[in-house]
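To keep things clear, I will list the structure first and then write my remarks on it.
Numbering of residues begins at 1 and proceeds along the displayed sequence. Only heavy atoms go into these numbers, but all of them, side chains included; no hydrogens, no water, no symmetry mates. The structure displayed is predicted, hence computed values, not measured ones.
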Amino acid sequence: MDFSTRLGQLPTEIFEIWHAHRLPVILSAISLIAAIRLIQNARRKRERLSLSPAPASPAEKDEDISLPWQLEGRTEKQTLLPEIRAEDSSPPLVQLRNRGPKTVKGVKLKSGQKQAKDFDHTTDKIQPLIFFSSLAATTEVFATKFAEELATWIEATSDIQSLLRPELLDLSYIEYDDYFISPPKTDPNTKYVYLVLLPSYDIDTVLDIFLENLQETHNDFRIDTAPLSGLLGYSVFGFGDKEGWPTEEEGFCSQAKQVDKWLAKLTGRKRAFPLGMGDVKGAAQERLNEWRMGVQEVVIEIAAGRGLGDGVAGSGNPVESDEEDMEDVDNSDEESTKARKPQKTARVDDLEDLGRMINTEEAAESAPLAIDFTTYKSKRKTPAVVQLKEMVPTSSPTHASLTKQGYSIIGSHSGVKICRWTKSALRGRGSCYKYSFYGIASHLCMEATPSLSCSNKCVFCWRHGTNPVGTTWRWITDAPEVIFDGITTAHYKKIKAMKGVPGVRAERFAEAMRIRHCALSLVGEPIFYPHINELVAIMHANRISTFLVCNAQHPAQLEALIPVTQLYVSIDASNKDSLRKIDRPLHRDFWERFCACLDILKRRRLEQRTVFRLTLVKNFNMADEVRGYADLVERALPGFVEVKGVTYCGTSAAGGAGITMENVPFYEEVAAFVEALAKELSSRGLHYGIAAEHAHSCCVLLADEERFLRNGKWATRIDFEKFFELYEGGGEWRPEDYIGGETPEWALWGNGGFDPRDTRVWTKGKNKGRVIVGGGGVGSEKAKKQGVETLWNQES
């Protein structure tokens with residue numbers, strides 16, 4: 001076969017060979033391609049281990065690096081760790097990645113001290129504000145003298161015109177939000193310096209609430225981190241007793257130290273002068289004078305426009321003790337991290353180990369990265385066991401102050417005091433308005449409280465800041481049986497002390513040795529006591545009627561309260577702003593709590609007698625508030641509304657709270673207010689009428705006509721025996737089921753409200769002598785004509 005013939009058969013032979021061997025060829029080609037791809041991938045992996053060009057160093061760039069958790073206004077530059085450079089002689093090591101969650105650790109940033117924003121020393125004024133707190137008046141004396149000496153120095157420093165006379169403020173009588181959420185904004189050209197003088201106590205006082213307020217302000221996410229940064233500076237001085245607390249670790253000036261710490265946080269570390277401390281039984285005045293001299297030097301620097309200095313110790317850029325602890329923890333973490341980092345030393349790794357490292361790294365990159373934002377500390381402290389303490393220890397200044405005022409302290413948190421109306425009734429000189437309105441004879445009534453602590457700091461409080469305050473119960477709790485035995489024993493003891501007083505009637509003295517009623521008001525917040533239901537049950541079991549007064553700040557306790565004979569809610573204002581100014585509540589959600597209590601009162605009005613108790617304070621809660629009070633009455637629909645003029649307690653502390661005789665309304669003003677309120681309620685279809693009055697107490701009663709007006713006659717009194725029958729019988733009952741007889745004629749509106757069987761004694765004017773009027777009711781109009789004084793009488 002010639003060549004041309006074979007060449008012509010070649011395609012046919014190739015085609016036959018392809019058909020015979022096509023499957024092995026295809027598989028071989030696929031295998032070859034796969035092998036090539038694997039080799040290429042392997043080469044790429046190895047190239048990743050080679051040295052890369054050196055990136056630009058962050059140190060060479062003069063620009064800020066923004067991080068997502070960086071604070072606003074930060075001026076410092078972020079420093080990053082340098083990456084591996086090509087010039088390293090040894091090959092870089094591939095580190096195994098931690099499979100645990102990634103920790104994002106925030107670092108507290110430091111900044112240099114700055115002058116207050118927008119402060120112009122050529123035009124702005126400097127106003128020193130001196131804050132103090134005092135129970136036994138010791139700190140008040142120091143603070144007053146300090147303010148006088150500072151004022152004298154300012155007047156003598158004529159070359160500095162920007163300094164204003166210092167203002168003295170008692171922490172017990174100010175609204176914290178007005179001063180410690182932001183500086184006062186009375187004048188844009190006035191800047192403030194805060195000077196705080198504080199005592200040390202081992203009991204709960206307003207200082208504890210002040211500290212809680214500072215801490216809550218700092219931790220409130222709605223408020224800036226340093227809301228008081230607009231201050232020019234602050235400084236704190238603490239008074240302590242080294243006999244009680246020999247060292248700072250044991251508590252010497254502990255509360256002043258805490259205030260100093262929190263103010264450093266709230267002001268952005270604008271401590272003008274270091275914390276001062278003085279021993280009240282030692283050289284406290286000398287230490288205070290030294291501190292004052294230092295403060296004066298700082299004020300001169302500020303007035304000259306030099307601010308608080310460059311951040312040297314004690315000049316405005318302090319390192320707080322807790323910050324030092326945090327820095328120690330941070331440093332130890334960094335050191336331990338450095339210790340765990342592998343050293344960059346030359347080493348030879350087995351190829352198999354390198355491959356395993358590569359696979360591990362690849363798997364780690366493909367998996368989702370967990371991020372843990374938790375801040376960890378190297379040392380975890382075991383939480384200290386909180387030891388409960390007594391609310392009013394016998395050795396405390398609170399105990400001494402209340403005892404001096406005539407209180408008998410029962411256990412550690414209860415009290416009893418004989419009312420002046422009890423003394424008056426024993427002598428036949430009249431009972432209080434509760435007798436005119438409800439038939440409660442004052443000489444049969446005990447006034448007590450199971451909780452001396454309160455959640456308000458009312459401007460008209462007779463205790464003017466001497467009683468404890470608090471928002472939660474955190475004290476040793478006495479059993480209700482102990483309280484009941486203690487208060488009744490103490491009350492009987494005080495009654496027995498009256499047997500030698502001239503004018504005491506024998507029959508009333510004998511009747512007074514059997515308590516029939518208990519007014520759970522006195523001082524503090526009775527409903528605050530955790531076992532108030534058990535205490536009320538004990539009183540009812542002893543056939544003692546209960547009249548409980550609450551301040552509408554504890555809705556949970558009010559909701560759980562068992563029925564009492566009559567439930568009072570103090571309504572001291574008609575709107576949120578007015579309530580804040582008058583009651584000065586400690587709860588930040590005080591208005592919400594107040595409204596919740598009114599809603600609870602409405603739901604419970606059909607199971608017990610409910611009363612609104614309005615205390616009128618002229619220039620505080622009277623002008624243009626009739627409609628507001630009507631709104632509250634419409635919301636809760638109480639059975640009664642008592643409207644009473646405020647009583648002036650006649651102390652300097654009351655004046656410090658802003659209450660003077662000018663704030664005490666005349667009886668005619670109270671009566672006019674009640675008439676306007678009744679008219680407003682009537683216009684809304686609410687049937688409340690003026691039922692009774694007690695002019696001697698400057699008090700008038702409004703009552704629900706649909707429930708307590710029978711056959712055209714008022715029936716506001718209580719059938720106490722019927723109440724106990726209903727209570728002991730169980731089941732359900734309504735307030736109308738234990739209504740007593742008709743309201744006496746002499747107690748009705750327009751007749752004065754004084755029992756004609758008693759003898760009324762009053763003073764027409766200071767040093768005018770005493771005028772005794774026997775028998776007969778004196779109506780309000782007659783009293784007005786005769787010039788009877790009805791303002792100064794203290795009411796329980």
Test side-chain contact (heavy atoms from CB on, under 4.5 Å) applied to H696 and W421, step by step: CA-CA 11 Å; H696 198 49; W421 283 109; 2.9 Å; yes
Does K722 make a cation-pi contact with Y738 (under 6.0 Å, within 45 degrees of the axis)? no
Just to verify, what does R707 make a salt bridge (Lys or Arg N to Asp or Glu O under 4.0 Å) with, not counting sequence neighbours? E736
Mind checking the OH-CG spacing from Y629 to L702? Nearest 0.5 Å is all I need. 13.0 Å
Evaluate the salt bridge (charged side-chain N to carboxylate O under 4.0 Å, His left out) criterion for residues R604 and E559: first the C-alpha distance (whole Å), next the side-chain angles of each, then the deciding distance (0.1 Å), finally the verdict. CA-CA 9 Å; R604 306 195 63 179; E559 183 73 51; 5.8 Å; no
H399 backbone acceptor or donor facing T403 side chain under 3.5 Å: yes
Tell me if a side-chain donor or acceptor on R584 pairs with a main-chain N or O of K457 at a distance below 3.5 Å. yes
Judged by atom type as modelled, is there a donor-acceptor pair below 3.5 Å linking the side chain of T449 to the main-chain atoms of V523? yes
Side-chain donor/acceptor of S570 to backbone N/O of R613, under 3.5 Å: no
Quick check on E732: does its CD atom have over 12 non-hydrogen neighbours (other residues, nucleotides or ligands) under 6.0 Å away? no
Over 12 foreign heavy atoms within 6.0 Å of CD, E507: yes
Is the side chain of S414 donor-acceptor paired with the backbone N or O of S451 at a distance under 3.5 Å, no angle test? no
Is S442 reaching over with its side chain to a backbone N or O of C432, donor-acceptor style, under 3.5 angstrom? yes
Apply side chain to side chain donor-acceptor pair (under 3.5 Å) to residues S408 and K494 and explain how you reach the verdict. CA-CA 9 Å; S408 292; K494 293 178 179 294; 3.2 Å; yes
With sequence neighbours left out, write down each residue that passes salt bridge (Lys or Arg N to Asp or Glu O under 4.0 Å) with E511, or none if nothing qualifies. none
Of all heavy-atom pairs linking L601 and F612, the shortest is CD2-CE1, 3.5 Å
Are the side chain of E693 and the backbone N or O of G752 linked by a donor-acceptor pair below 3.5 Å? yes
Between L681 and V633, does a side-chain contact (heavy atoms from CB on, under 4.5 Å) hold up when you go through it step by step? CA-CA 8 Å; L681 293 173; V633 173; 3.8 Å; yes
For the side chain of H443 and the backbone of K423, is there at least one donor-acceptor N/O pair under 3.5 Å apart? no
Step through it carefully: locate the ring centre of H694, locate the ring centre of F754, and say whether they are under 6.0 Å apart. no
Set of residues satisfying side chain to side chain donor-acceptor pair (under 3.5 Å) with respect to D599, sequence neighbours excluded: R635
Does the pair I739 and R717 meet the rule for a side-chain contact (heavy atoms from CB on, under 4.5 Å), with working shown? CA-CA 6 Å; I739 293 179; R717 293 202 160 193; over 6 Å; no
If you compare all heavy atoms of P665 against all heavy atoms of N663, which two are closest, and at what distance to 0.1 Å? CD-O, 3.4 Å
Rounded to the nearest 0.5 Å, the SG atom of C518 sits from the CG atom of L535 at a distance of 7.5 Å
With sequence neighbours excluded, tell me which residues meet side chain to side chain donor-acceptor pair (under 3.5 Å) with W473. T477
Using modelled atom types only, decide if a donor and an acceptor are shared between the side chain of D737 and the backbone of R734 within a distance under 3.5 Å. yes
Salt bridge or not between K618 and E669? Use side-chain N to carboxylate O under 4.0 Å. yes
Taking T743 for the side chain and T716 for the main chain, is one N or O donor matched with an acceptor at less than 3.5 Å? yes
For T471 and H587, the nearest pair of non-hydrogen atoms, with its separation, is CB-CE1, 3.5 Å
Heavy atoms from other residues, nucleotides or ligands near NZ of K713 exceed 12 (cutoff 6.0 Å): no
Can R427 and D758 be counted as an ion pair, charged N to O under 4.0 angstrom? no
Out of curiosity, L598 CG to L558 CG, how far, rounded to the nearest 0.5 Å? 9.5 Å
Which residues pass the side chain to side chain donor-acceptor pair (under 3.5 Å) test with E721, not counting sequence neighbours? R543
Give me the atom names and distance for the closest heavy-atom approach of F437 to C699. CE1-SG, 3.7 Å
Side chain to side chain donor-acceptor pair (under 3.5 Å) between Y433 and E642, worked out: CA-CA 10 Å; Y433 71 91; E642 293 179 3; 3.3 Å; yes
With a cut-off of 3.5 Å and sequence neighbours excluded, list every side-chain donor-acceptor pair involving residues 545-556.
unit_1, atom_1, unit_2, atom_2, d
S545, OG, R516, O, 3.4
S545, OG, H517, ND1, 2.7
T546, OG1, H540, NE2, 2.8
T546, OG1, T565, N, 3.3
N551, ND2, E525, OE1, 3.4
Q553, NE2, F590, O, 3.2
H554, NE2, S455, OG, 2.9

CD-CG distance between E706 and L637, expressed to the nearest 0.5 angstrom: 9.5 Å
